[in-house]
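Notes to accompany the following structure.
Counting convention: from 1, in listed order, for ligands and their atoms alike. Every value quoted in this text rests on a predicted model; they were computed, and no experiment measured them.
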Amino acid sequence: MAVNILIIGSGGREHALAWKLKRSPLAGRIYAAPGSEGMRACARPVPMGALEFDKIADFCAGGDIGLCVIGPEEPLAKGLADHLAAKGVKVFGPRRQAAMLEASKQLAKEFMRRNYIPTAGFQSHYDPASAKEAVRATKKWPLVVKADGLAAGKGVRVCPDEASALSAVEDFMEKRIFGSSGARVVLEEFLEGREASVMALCDGKDFVMLPVARDHKRLRDGDEGPNTGGMGAVAPVDLDAETLEKVRVDILGRFVEGLKKEKIPYCGVIFAGLMLSKDGPKALEFNVRFGDPETQTVLPLLKSDLLAHMLACAEGRLAGERPELHAGACATVVLAAAGYPDSPATGAEIRGLDRVPAGAEVFHAGTAADGGRLKVSGGRVLGVSARGADLAGALRLAYRAAAAISFDGAQYRRDIGKEN
Ligand code: AMP
Ligand code: GLY
């Protein structure tokens, strides 16, 4: 029997999820809440916010939804999976208890320490005076200062000296620029190396790793300019066998062992942000959801049926699943609005989507339909993904597609996939 699906979220990640799920022979109707017009070819938008738990539960019951896939972290951290599970809805996305491993950096670091997951040394502080004292006692610079709670990716500062670390503590804990997310801070040892991200599907007992990806967080070429939600990504990242095995066993494996030991149920994606340091790979953070834009890069490489894998996770039988991958590589180039990330300009008309070369996929993130036209409605507007026999081929096609699209003030990096 076909499985009707509800996807929670409206970004490029959710569009990519809908695109991949639609290719499943098991899939029935696919909805997205709130979704977007740009993803209509894959999922029908339903006007409900990700935090309208009762509405979502009613929709699942009324629409005969066989699987609800939760994209963003906020509804997870606020307990949407718990709410739906209590009403008998099958959910792909962990419950609140596990989501706290993303929503509190302190809980995450303590979990990592207890479970021997390689990570940067740290201490946490509950009051600004003790945090400042620790900053003044610091001998090794830079120091990384992190607001404990969710801060839309902006709660981490790499501080080169005492003055900048003290001002980070003041901003987070005293001025509360991220509200209660700054009630506690984590001070962390600075790790050097290249970053990478890895996602794994997990049913709480077993996990399967997807190809390792790398995103580009800075706005401009050469890793310059402000941090963004991600300007592009590539996969797979070429890791040597020993490093890959450490990621699998010491990072993801110990994470799942920790969940089991601590009796934390888990169904969803484990996303590990990695630092490939000279002492081996270390976990910078864990997210409890698909990454954005990594999902737009990794899902095109998955040959097997994502819906089958997700259902296996929700039913606790992932051990029998064997995900298959396409050979080659995938690259995603994000087209952002003028003024992104600080003050994205909306309203520009988007042209050229009909000229995108065959084989490239365009995932909508910040677009809105206006009459017969498509307009910019958010900071990251579109993500263009393409596969190739190798990374160079994937990048060529993704850039040809990006060049076909135009809107006033469009900005995108020309060096996705390059080593900076
Ligand atoms: P997080 O949200 O904890 O992953 O941090 C966001 C970004 O800050 C990471 O992607 C890194 O670029 C940087 N970062 C975080 N922690 C560290 C660390 N201990 N050493 C070096 N860079 C870090
Ligand atoms: N691309 C990083 C994230 O989704 O958090």
(request) Taking only Lys NZ, Arg NE, NH1 and NH2, and the carboxylate oxygens of Asp or Glu, determine whether R248 and E245 approach each other closer than 4.0 Å. (result) yes

(request) Using a strict cut-off of less than 4.0 Å between a Lys/Arg side-chain nitrogen and an Asp/Glu carboxylate oxygen, indicate whether E37 and R40 qualify as a salt bridge. (result) yes

(request) Flag the pair K261 and E257 as a salt bridge only when some basic side-chain nitrogen lies within less than 4.0 angstrom of an acidic carboxylate oxygen. (result) no

(message) Need the ligand 2 atom indices (1-based, order shown) with element for anything under 4.0 Å from a heavy-atom of E294.
(response) 1 (N), 2 (C)

(message) So for ligand 1, is V158 a polar contact partner (N or O within less than 3.5 Å, distance only)?
(response) no

(request) For atom 4 (O) of ligand 1, find the nearest protein heavy atom and state the residue, atom name and distance (0.1 Å precision). (result) E285 CD, 2.9 Å

(message) To the closest 0.5 Å, what do you measure between CG (L302) and SG (C330)?
(response) 11.5 Å

(message) For E294 and S197, which I'm curious about, is there any donor-acceptor pair between the side chains at under 3.5 Å?
(response) yes

(message) Give the atom numbers and elements of ligand 2 that come within less than 4.0 Å of a heavy atom of N287.
(response) 5 (O)

(message) Considering non-hydrogen atoms of the protein only, which is the closest contact for atom 3 (O) of ligand 1, and what is the distance?
(response) K146 NZ, 2.8 Å

(message) If the cut-off is 4.0 Å to any non-hydrogen atom of G291, which atoms of ligand 2 fall inside it?
(response) 4 (O)

(request) Heavy-atom contacts with D215 under 4.0 Å: which atoms of ligand 2 show up? List them by number with element. (result) 1 (N), 2 (C)

(message) Tell me the protein heavy atom at minimum distance from atom 4 (O) of ligand 2, and give that distance in Å.
(response) D292 N, 2.9 Å

(message) For K217, which part has a heavy atom under 4.0 Å from ligand 2: side chain, backbone, both, or neither?
(response) neither

(request) Under 4.0 Å from a heavy atom of K217: give me the atoms of ligand 1 that qualify, with their elements. (result) 10 (O)

(request) Can you measure from CZ (R95) to CG (L76) and round to the nearest 0.5 angstrom? (result) 12.0 Å

(request) If you have a sec, work out which protein heavy atom is nearest atom 5 (O) of ligand 2 and how many Å separate them, to one decimal? (result) R289 NH2, 2.8 Å

(request) Kindly determine whether H309 and S304 satisfy side-chain hydrogen bond (donor to acceptor under 3.5 Å, both in side chains), including the steps that lead there. (result) CA-CA 8 Å; H309 300 327; S304 47; 2.8 Å; yes

(request) Give a yes/no verdict on whether any heavy atom in K105 is under 4.0 Å from an atom of ligand 1. (result) yes

(message) If you take the nearest heavy atom of each of M275, E195, K154, E188, which one is closest to atom 22 (N) of ligand 1?
(response) M275

(message) Can you tell me how far apart CG (D54) and NE2 (H83) are? Round to the nearest 0.5 Å.
(response) 4.0 Å

(message) What protein heavy atom lies closest to atom 23 (C) of ligand 1? Include the residue and the distance to one decimal.
(response) L284 CD2, 4.0 Å

(message) Please determine whether the number of non-hydrogen atoms from other residues, nucleotides or ligands lying under 6.0 Å from atom CZ of R114 exceeds 12.
(response) yes

(message) Once you restrict to heavy atoms under 4.0 Å, what part of E189 touches ligand 1? Side chain, backbone, both or neither.
(response) backbone

(request) Check V156 against ligand 1 and report side chain, backbone, both or neither, counting heavy atoms closer than 4.0 Å. (result) side chain

(request) List every atom of ligand 1 that sits less than 4.0 Å from any heavy atom of F190, numbering the atoms from 1 in the order shown and giving each element. (result) 20 (N), 21 (C)

(message) To check your reading of the model: name the closest protein heavy atom to atom 21 (C) of ligand 1, its residue, and the distance in Å.
(response) L191 O, 3.2 Å

(message) Under a 4.0 Å threshold between the charged nitrogen and the carboxylate oxygen, would K132 count as salt-bridged to E174?
(response) yes

(request) For a side chain to side chain contact (heavy atoms under 4.5 Å, CB included) with H125, tell me which candidate from V186, L187, V135 qualifies. (result) L187

(request) Nearest 0.5 Å please: distance from the CZ atom of F207 over to the CG atom of L201. (result) 11.0 Å

(request) Would you mind listing which atoms of ligand 1 come within a distance below 4.0 Å of any non-hydrogen atom of A120? (result) 19 (N)

